[in-house]
Protein chains: 2
Amino acid sequence: MAPDEKNTAVLEEHGRLLASDLAGEIEFLTARTRSIGSLLANRELAPLNLKVRSYSVLSLACGPTPPTQRELAGFLSLDPSQIVALVDQLEKRGLVLRAPDPQDRRSKIIRATGEGVAVYRQAREATHRAEDAALGSLSPAERDELRRLLTKAAFPGGEG
Amino acid sequence: MAPDEKNTAVLEEHGRLLASDLAGEIEFLTARTRSIGSLLANRELAPLNLKVRSYSVLSLACGPTPPTQRELAGFLSLDPSQIVALVDQLEKRGLVLRAPDPQDRRSKIIRATGEGVAVYRQAREATHRAEDAALGSLSPAERDELRRLLTKAAFPGGEG
DNA sequence: CTTAATCGTTGACTTTTTCAAGAATATAAG
DNA sequence: CTTATATTCTTGAAAAAGTCAACGATTAAG
């Protein structure tokens, strides 16, 4: 078997099962899309010693409104204790820091350092490469539409 | 906190972070959509002693072309060893059985029993309720379009 | 002031994922 | 036919991820 063929085996022949009920369920299609997507994203992020999870935290920490750990947990659908571990790693590498929230001393605001921003820029390119690879079968317009629909699904309360 | 409010806390306020780069990434939106979807689906499936994973196996086993375990692994993006565990459980409950593949005695075809089909019918209603709850913010036309786009993303080689 | 709730943290526990190896069967080459 | 290589299911172990309850510090409510 070729060196990199192993992890791409996800894209094998499944012709017979495409006619199944399950293949028509959005829940299943979402799970499979995510599985392929995070496989490719993790592969691209590996050289930076990041995974999709740590990349997501770093990304939000680089944004214009750095979040508290509680906000990270809610936004990323993770348990607060998982955020602790993720921030610990990133902080140990000097990519983010825990800043006290002036409005609530219980909370800690996760903000990226200069180096964190630098690493994030590379990581963003990596995830964009992964997205190109994962969604290569969709046109730019289709990707925009998919993004719009998924946003409504992921944030039902949205901006309404 | 109200009795059932805990698990619905995923749908909190995230206004500030919706403007982040991350919120525009399809990979992230897919992960969040799946997280909400499988939470609701697992909740609906719990009374039947099923989870999304075992439901998926049961569903394919009920289909017109029962799959081998290898096909299940590829289609569901799971490791073959995970399929063993899932089929073990379902077989122990009498919902599926391992039939020898006449064309390849290494393979085992996973076929639903009569009771398996009966349970599946209830389970399908449960997951449809969950899908309605998860995608309540999308119109039927939008759901169809989302299904179409996700199918292209999940099966790049598709029916081409 | 007293009580209740929230945030980050820790630790324990379960589940899921990943990986390597083996027995049985199939395929390919000589 | 014999030998070598590959595939399928299975097992078991290890790593990673997810779940949950409890604690100190802080805030909010009564």
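The basis for the numbers below is simple: all heavy atoms, side chains too, and nothing from hydrogens, waters or symmetry mates. Chain letters run A, B, ... following the sequence lines, proteins first, then strands; residues in each count from 1.
What separates CZ of Arg43(A) from P of dT18(C) is a distance of 12 Å, to the nearest Å. The CZ atom of Arg34(A) sits 11 Å away from the P atom of dA17(D) (whole-angstrom rounding). Atom-to-atom, CG of Leu72(A) to C1' of dT6(C) comes out at 16 Å; the value is rounded to the nearest Å. Here the C1' atom of nucleotide dT17(C) and the CZ atom of Arg53(A) are 12 Å apart, to the nearest Å. Atom-to-atom, CD of Gln89(A) to P of dA15(D) comes out at 15 Å; the value is rounded to the nearest Å. One interatomic measurement links the two molecules: CG of Leu86(B) to C1' of dT10(D), which rounds to 14 Å at whole-angstrom precision. Summarising the geometry, the separation between NZ on Lys51(B) and P on dT15(C) is reported as 6 Å, rounded to the nearest angstrom. Gln69(A) has its CD atom 17 Å from the P atom of dT6(C), to the nearest Å.
At a threshold of 4.0 Å, the pair Arg98(A)-Glu91(A) counts as salt-bridged, since one of the basic side-chain nitrogens sits closer than that to a carboxylate oxygen. One finds no salt bridge joining Arg93(A) and Asp88(A) here, because no Lys/Arg side-chain nitrogen approaches an Asp/Glu carboxylate oxygen to under 4.0 Å.
Between Phe28(B) and Phe75(A), the ring center distance clears the sub-6.0 Å criterion.
Heavy atoms of other residues, nucleotides or ligands lying less than 6.0 angstrom from CZ of Arg111(A) number 12 at most.
Relative to the side chain of Thr68(B), the nucleotides dA17(D), dC9(D), dT18(C) differ in distance, and dC9(D) lies closest. In the set dC9(D), dC20(D), dT9(C), dC9(D) carries the atom at the smallest distance from any side-chain atom of Val84(B).
Side-chain contact of Glu115(A) with Tyr120(A): a donor-acceptor pair under 3.5 Å is absent, judged by distance alone.
Of the residues in residues 92-111 of chain A, those placing a heavy atom less than 4.0 Å from an atom of DNA chain C are Arg98(A), Arg106(A), Ser107(A), Lys108(A), in numerical order.
For the salt bridge (charged side-chain N to carboxylate O under 4.0 Å, His left out) test with Glu44(A), the passing option among Arg124(A), Lys51(A), Arg129(A) is Arg129(A); the others fail.
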### Task
Would you please test Glu27(A) and Arg34(B) for salt bridge (Lys or Arg N to Asp or Glu O under 4.0 Å) and show each step?
CA-CA 7 Å; Glu27(A) 158 76 24; Arg34(B) 188 208 75 122; over 6 Å; no

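In terms of phosphate contacts, Gln82(A) brings a side-chain nitrogen or oxygen within less than 4.0 Å of OP1 or OP2 of dG18(D). Taking 4.0 angstrom as the limit, Arg70(A) places none of its side-chain polar atoms (N or O) nearer than this to OP1 or OP2 of dA5(C).
Base contact: Ser81(B) has a heavy atom under 4.0 Å from a base atom.
Taking for each of Asp79(B) and Asp79(A) the nucleotide of DNA chain C with the nearest heavy atom, the 5'-most of the two is the partner of Asp79(A).
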